[in-house]
Amino acid sequence: MKNMTEFKGNWNEVKGKLKQKFAMLTDNDLLLIEGKQDELIGRLQVKLGKTKEEISKIISEL
């Protein structure tokens with residue numbers, strides 16, 4: 001995954017692309033709270049049924 005500073009800087013763009021790719025995701029699913037990146041990844045894992053590595057790959061490819 002991109003480094004967290006770059007990730008946070010582009011978060012609005014990434015969030016929009018994730019919502020386009022996975023229509024079932026909501027704004028609440030994609031809340032990025034400072035220090036809670038692992039929780040966000042875990043939430044995406046549950047919602048999308050993918051591994052942490054798959055989620056990281058999806059995000060880095062956006």
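Note that these values count all heavy atoms, side chains included, but never hydrogens, waters or copies made by symmetry. Nothing here was measured: the structure is a model prediction, and the numbers come from that model. All residue numbers in this chain count up from 1 along the given sequence.
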Exercise for review: Report the distance from atom NZ of K15 to atom CD of Q20, rounding to the nearest 0.5 Å.
Suggested key: 13.0 Å
Review point. For the side chain of R43 and the backbone of D38, is there at least one donor-acceptor N/O pair under 3.5 Å apart?
Key: no
**Study point:** Between CD on residue Q37 and CH2 on residue W11, distance to nearest 0.5 Å
**Key:** 10.0 Å
Review point. When rounded to the nearest 0.5 angstrom, what distance separates NZ in K47 from CG in L30?
Key: 9.0 Å
Practice item. Assess whether side-chain contact (heavy atoms from CB on, under 4.5 Å) is satisfied between I58 and L18, documenting all intermediate values. Key: CA-CA 9 Å; I58 289 168; L18 281 170; 4.0 Å; yes
Practice item. Could you grab the distance from atom CG of L44 to atom OG of S56, nearest 0.5 Å is fine? Key: 10.0 Å
Review point. Which atoms form the tightest heavy-atom contact between M24 and L48, and what is the distance?
Key: SD-CD2, 3.8 Å
Practice item. Decide salt bridge (charged side-chain N to carboxylate O under 4.0 Å, His left out) for K19 and D27; before the verdict, give the C-alpha distance in whole Å, the side-chain angles of both, and the deciding distance to 0.1 Å. Key: CA-CA 8 Å; K19 285 170 61 177; D27 285 333; 2.6 Å; yes
Practice item. Rounded to the nearest 0.5 Å, what's the gap from CD on E54 to CD1 on I41? Could you check? Key: 12.0 Å
Point to revise | Those residues that, when tested against K17, pass side chain to side chain contact (heavy atoms under 4.5 Å, CB included) (two or more places apart) | key: E13, L62
Exercise for review: Supply the atom-to-atom distance L40 CG to D29 CG, rounded to the nearest 0.5 angstrom.
Suggested key: 9.0 Å
Check your understanding: Closest heavy-atom contact between Q45 and K52?
Key -> NE2-N, 3.2 Å
